[in-house]
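I have a structure I would like to understand better, so I am pasting it below and will then ask my questions one at a time.
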Amino acid sequence: MYAITIPEPGGPDALVWAQVPDPEPDPDEVVIEVRASAVNRADLLQRQGNYPSPPGIPPYPGLECSGVVAEVGAEVTGWRVGDQVCALLAGGGYAQRVAVPAGQLLPVPAALDPESAAALPEVACTVWSNVVQLAHLGMGETLLVHGGGSGIGTFAVQLGAALGATVIATARAAKHEPLRELGAAHLIDYTEADFVAAVRELTDGRGVDVILDIIGAAYLGRNVGALATNGRLVVIGLQGGRKAELDLSALMSKRASLIATTLRARPVAEKAAIVRGVREEIWPLVESGSIVPVVDRRVPMAMAAEAHRIVENSDHLGKVLLVNEERPA
Ligand SMILES: NC(=O)c1ccc[n+]([C@@H]2O[C@H](COP(=O)([O-])OP(=O)(O)OC[C@H]3O[C@@H](n4cnc5c(N)ncnc54)[C@H](OP(=O)(O)O)[C@@H]3O)[C@@H](O)[C@H]2O)c1
């Protein structure tokens, strides 16, 4: 098969479409004939040599895919050759085929075309596990989503609105209108305005109940400043650095919580539990059209370098898909 390889870490042109060995499934795995994968910001780090695949995972980038089940391991139940699926991966999605533990598979929702389904597993699992499972966002609460125009952000905005929360998102002005259509009640242009002051004004000084943060160190103190009493700050990205000082008394006086997670490093059993939760709680929202995958554009997988350039420049809204040509069965 062919896959996107990284012979030498570097810029987008480090991504090389090359012939590689076909995957062999373990007994608890299936092999997917990949229809599409999607670019995640973590793939850019992997390309630069800073976020390698965990041991035992294919070295090619790609944290999610959609496609058709081509092989089923001896211990797998519930899935058959020919099933249309999408999957949460620890790597290896930028390929024609990938082996994945069966617990990380989801059916392609009937409401979606098989390619668009590739835009969902990573964001659905990340956002649901953090915002719902850990931060317990509830109806009537307020959610602040940093980077509303990102793959993660476009999903979080829709999920927050679907759960009955008031969603505030930060994004560059060009992305405000589509985010409003996705369910954001208020938008803050973080390049112009101080989001803490804006949040205070929008919430009558109360602050927000939950923050989904992708910036990390550069926003830590200000995020705590924007929290309401009993607020939950969930850090899932470090685009603004990893080391910061925090005045803990600010957290204590608000009885606030700080949560920080990564999905890729979680054990297979934990990923399977998250995927089950997503299937139960999120897939019905996708079937009903309350949540849609936001696909900015589709790029042939062999041209992954072009897709990385787009994401690196933040020229996209939502997800950039990498699509394999349909191959005869
Ligand atoms: N922990 C986990 O398990 C996990 C899983 C998945 C993703 N993530 C993280 O989630 C983040 C988003 O991933 P993605 O693939 O969805 O990213 P993406 O589509 O590449 O989007 C990146 C976003 O960052 C925004 N941004 C940059 N600087 C900002 C600032 N100062 N304030 C607010 N927004 C800012 C950009 O907004 P504008 O275009 O408006 O400037 C852009 O929308 C990444 O940091 C990624 O590592 C973590």
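Heads up: numbering here begins at 1 and tracks the sequence. Numbering of ligands and ligand atoms starts at 1, following listing order.
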### Query
Who are the side chain to side chain contact (heavy atoms under 4.5 Å, CB included) partners of Thr261, not counting sequence neighbours?
Asn130, Leu134, Ile236, Ile259, Arg266

### Query
Quick one: do Glu281 and Arg276 make a salt bridge, cutoff under 4.0 Å?
no

### Message
Distance alone, cut at 3.5 Å: any donor-acceptor contact between the side chains of Arg41 and Ser314?
### Response
no

### Query
Does Gln158 have any side chain to side chain donor-acceptor pair (under 3.5 Å) partners at least two apart in sequence or in another chain, and if so, which?
none

### Query
Is the closest side-chain donor-acceptor distance between Gln46 and Arg264 under 3.5 Å?
yes

Exercise answer, ligand 1 polar atom pairs (N/O) under 3.5 angstrom:
from	atom 1	to	atom 2	distance (Å)
ligand 1	1 (N)	Ile236	O	2.9
ligand 1	1 (N)	Thr261	O	2.9
ligand 1	3 (O)	Leu263	N	2.7
ligand 1	15 (O)	Arg41	N	2.8
ligand 1	16 (O)	Gly151	N	3.0
ligand 1	16 (O)	Ile152	N	2.8
ligand 1	19 (O)	Gly151	N	3.1
ligand 1	19 (O)	His316	NE2	2.7
ligand 1	20 (O)	Arg41	NH1	2.6
ligand 1	24 (O)	Gln239	NE2	3.1
ligand 1	31 (N)	Tyr219	OH	3.0
ligand 1	32 (N)	Tyr219	OH	2.8
ligand 1	34 (N)	Gly147	N	3.4
ligand 1	39 (O)	Arg172	NH2	3.1
ligand 1	39 (O)	Lys175	NZ	2.6
ligand 1	39 (O)	Ser314	OG	3.2
ligand 1	40 (O)	Arg172	N	2.9
ligand 1	41 (O)	Arg172	NE	2.7
ligand 1	41 (O)	Arg172	NH2	3.4
ligand 1	41 (O)	Tyr190	OH	2.4
ligand 1	43 (O)	Ser150	N	3.3
ligand 1	45 (O)	Gln239	OE1	2.8

### Task
Output all residues satisfying side chain to side chain contact (heavy atoms under 4.5 Å, CB included) with Ala156, sequence neighbours left out; order by chain, then residue number.
Val127, Val145, Leu212

